[in-house]
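Okay, so here's the structure we're looking at.
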Amino acid sequence: MFHRNKIFARRGATDNTPYPLPRAPWYSDYQHYQPEAANSFNFLNIERLPPYAWQPSPPTFAAFPPPPAGVIRGRKRHRNEYNAHAVKRQRLNPSPASSPRWIPHNNLAVGEPPMFAPVGFEHFHSSPPITEVLSEPQNLTSLQVFVKDKLSGQMVELFEACQQQTSDLDRKEACRARLQGDIQKQFPESRLYLTGSSMSGLGCRSSDADLCLVIKGNRRCRPMDVLRQLHKDFRSLSYLARIQLIKAKVPILKFKERSSFLEFDLNVNNTVGIRNTFLLRTYAYADIRVRPLVLVVKKWAGHHQINDASKGTLSSYTLVLMVLHYLQTLEQPVLPSFQKTHPECFDLLMDIDEVPDGPKHVRLFTSTNQLSLGELLLGFLRYYATRFSWDKQVISVRQATTLPKTNSKEWRNKFICVEEPFEGSNVARAVHEKTKFDTIKKCFSESYQILNERKDLVSILALRAIINEELATR
């Protein structure tokens with residue numbers, strides 16, 4: 001790890017160059033054989049990390065879009081009321097009929113204490129560095145503002161039936177905490193993080209849980225060596241079942257919790273996954289339409305069998321970035337680039353234990369875009385069916401725009417180019433066969449034409465079957 005007192009030349013977040021030189025290597029230093037970089041963990045004389053203490057999440061504040069013009073609700077927290085440990089005011093169990101709540105913020109000045117943190121981030125403090133579970137907001141009343149048609153109503157119905165519940169997240173966290181205690185018997189200088197859609201807020205009830213084991217200290221551990229040891233150790237744990245070692249570019253250990261049959265994927269030192277989890281979570285709660293739109297797109301892609309990177313199509317992560325990019329590039333953007341507006345909150349050089357704390361300093365972004373959920377879904381399909389140039393453009397959520405497709409190794413001869421926000425790699429590289437690429441484009445084109453004509457979600461996915469399948473997991 002870089003010495004804390006070392007000074008680095010910082011690149012401006014608004015650098016106009018398409019592919020600026022990275023501050024650290026584009027790869028995660030999985031093998032630890034490269035020069036020490038932002039994602040390596042080589043400390044001397046490190047002491048064993050304190051055990052993780054699971055505590056139920058306290059009440060949290062959910063940020064929603066402002067109500068229609070002329071309606072004024074809520075108030076700012078006074079400066080003398082603000083402190084790093086303050087808990088946002090919110091009714092514990094808001095009724096479905098409760099009104100939308102928002103925080104006025106137009107008069108915030110640069111340098112003023114931030115008045116907004118994505119849901120759950122007010123629990124994170126730099127000391128001690130603990131990965132607490134982030135609560136899911138429950139009040140969906142203000143989402144009705146964007147339900148202006150039948151299609152939007154169907155999307156909300158699907159979202160409410162499929163979205164991950166707090167109880168689902170609690171079960172995953174309980175298993176993570178128990179597993180961390182057992183892992184630390186073998187690797188005392190380690191910490192286990194819950195990552196992916198379970199933590200970003202973009203998962204559903206049937207989503208697997210992703211885990212990242214971060215091993216610090218002066219031991220140079222190969223991920224495969226660690227996973228082989230864990231594969232052996234996990235067999236003696238009575239609460240785990242179906243343990244399988246998967247060899248891949250980022251090797252993982254797959255297993256299930258015996259009592260609930262929750263599925264887990266565990267990797268070692270793939271710390272960029274922790275960084276992008278909290279970046280995506282910031283986007284997920286920046287506008288109340290983001291999570292329903294992402295979930296519907298995932299279900300649509302799954303229905304058409306184009307949502308499986310292992311079979312040469314799109315990963316869920318790629319689909320999420322494609323949705324965010326579309327929302328960033330509308331004439332009236334629904335989302336900004338938080339890496340440009342708040343570069344200090346998503347700094348690649350930030351110590352990994354401080355990453356969960358960064359987004360709490362992101363201020364509330366309010367979009368002037370008032371398109372309904374149905375209009376956004378139709379626009380998403382239209383954008384990739386008719387407007388996006390697959391052969392000439394690179395999707396960049398980091399820059400909130402498209403970048404020109406260059407002849408570099410990362411983009412050359414690639415059918416779909418989607419930039420990973422931190423490492424700059426192509427997260428759509430799994431699409432390497434023209435037949436699969438043509439299938440993906442055909443799905444976008446045909447679904448757009450059908451949905452544009454019928455304005456009925458049932459016309460492009462099996463709505464009732466998907467809902468029944470998710471409800472069966474309760």
Side-chain angles (χ1 to χ4, degrees), residues 1 27-34 36-43 46-54 128-133 169 171-200 207-237 239-257 262-278 317 350-356 422-423:
M1 182 69 69
Y27 54 85
S28 289
D29 188 11
Y30 304 128
Q31 307 298 339
H32 301 307
Y33 296 143
Q34 305 296 335
E36 292 185 337
N39 289 332
S40 64
F41 297 94
N42 299 324
F43 292 101
I46 188 166
E47 297 180 357
R48 174 172 175 150
L49 291 171
Y52 181 95
W54 161 240
I130 289 180
T131 317
E132 290 193 22
V133 161
L169 186 58
R171 284 197 300 270
K172 294 175 182 179
E173 163 56 24
C175 184
R176 183 214 65 82
R178 185 178 183 183
L179 196 58
Q180 175 172 272
D182 288 322
I183 291 175
Q184 286 185 337
K185 296 174 183 177
Q186 181 68 237
F187 300 96
E189 298 165 352
S190 67
R191 171 162 285 140
L192 192 61
Y193 290 83
L194 185 60
T195 63
S197 62
S198 297
M199 280 294 273
S200 68
S207 296
D208 296 348
D210 295 315
L211 297 170
C212 177
L213 179 64
V214 177
I215 301 178
K216 300 186 178 184
N218 55 8
R219 293 176 59 184
R220 295 179 179 271
C221 300
R222 293 174 179 265
M224 277 302 297
D225 292 342
V226 174
L227 292 176
R228 286 193 184 98
Q229 181 64 49
L230 293 179
H231 183 256
K232 178 181 176 181
D233 295 342
F234 283 7
R235 292 178 180 177
S236 64
L237 301 179
Y239 59 93
L240 300 184
R242 301 183 186 180
I243 305 162
Q244 184 181 9
L245 180 60
I246 306 297
K247 299 178 181 179
K249 184 175 182 179
V250 180
I252 60 173
L253 196 61
K254 295 179 71 73
F255 56 90
K256 291 187 177 183
E257 184 186 36
L262 284 172
E263 296 186 4
F264 291 85
D265 292 343
L266 186 152
N267 67 72
V268 177
N269 284 348
N270 184 24
T271 55
V272 70
I274 301 174
R275 298 181 190 278
N276 62 46
T277 292
F278 289 97
Y317 182 40
M350 184 184 296
D351 185 274
I352 201 65
D353 286 331
E354 298 175 3
V355 168
F422 290 100
E423 292 188 329

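Bear in mind that the values here come from a model prediction, so they are computed numbers and not experimental data. Position 1 is the first residue of the sequence, and the numbers go up from there.
- Put simply, the side chain of Gln184 never gets that close to the backbone of Arg191: no donor and acceptor are under 3.5 Å apart.
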### Query
Taking it one step at a time, do Thr277 and Val355 satisfy side-chain contact (heavy atoms from CB on, under 4.5 Å)?
CA-CA 10 Å; Thr277 292; Val355 168; over 6 Å; no
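- Asp210 and Ser197 get closest at one heavy-atom pair: OD2-N, 4.5 Å.
- Rounded to the nearest 0.5 Å, atoms CG (Leu262) and OG (Ser198) are 8.5 Å apart.
- Between Leu266 and Ile183 there is a side-chain heavy-atom pair separated by less than 4.5 Å.
- Across every non-hydrogen atom of Leu245 and Ile252, the tightest pair is CD1-O, 3.6 Å.
- A donor-acceptor pair under 3.5 Å links the side-chain atoms of Gln180 to the main chain of Leu192, judged by distance alone.
- Separating the NZ atom in Lys216 from the CG atom in Asn269 is a distance of 10.0 Å, to the nearest 0.5 Å.
- Taking every heavy atom of both residues into account, Arg176 and Leu194 meet most closely at CD-N, 3.8 Å.
- Side-chain contact between Phe255 and Leu230: absent, with no pair of heavy atoms (C-beta onward) separated by less than 4.5 Å.
- Checked by atom type and distance alone, the side chain of Arg275 pairs as donor or acceptor with a backbone atom of Met350 at under 3.5 Å.
- Rounded to the nearest 0.5 angstrom, Gln244 CD and Asp265 CG are separated by 10.0 Å.
- Of the residues listed (Lys256, Lys254, Arg242), the one engaging Glu263 in a side chain to side chain donor-acceptor pair (under 3.5 Å) is Lys256, and it is the only one.
- Side-chain contact check for Thr195 versus Asn270: every heavy-atom pair is 4.5 Å or farther apart.
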### Query
What do the steps show when you test Asp182 against Tyr239 for side-chain contact (heavy atoms from CB on, under 4.5 Å), and what is the final call?
CA-CA 11 Å; Asp182 288 322; Tyr239 59 93; 2.5 Å; yes
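- Atom CD1 in Ile243 sits 7.0 Å away from atom CZ in Phe234 (nearest 0.5 Å).
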### Task
Starting from the C-alpha separation in whole Å, work towards a yes-or-no answer on side-chain contact (heavy atoms from CB on, under 4.5 Å) for Ile246 and Leu227.
CA-CA 9 Å; Ile246 306 297; Leu227 292 176; over 6 Å; no
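- Counting heavy atoms from C-beta on, the side chains of Val214 and Ile274 come closer than 4.5 Å.
- Comment: Lys185 does not engage Asp233 in a salt bridge, judged by the lack of any side-chain N to carboxylate O separation of less than 4.0 angstrom.
- Side-chain N or O atoms of Asn276 include one that pairs as donor or acceptor with a backbone N or O of Val272 at under 3.5 Å.
- Closest approach of Lys172 and Asp208 over heavy atoms only: NZ-O, 4.1 Å.
- Side-chain atoms of Leu211 and Leu179, non-hydrogen and from C-beta on, do get closer than 4.5 Å to each other.
- From Arg178, atom CZ reaches atom CD of Glu257 across 7.5 Å, with rounding to the nearest 0.5 Å.
- Distance NE2/His231 to CE/Met224: 10.0 Å, rounded to 0.5 Å.
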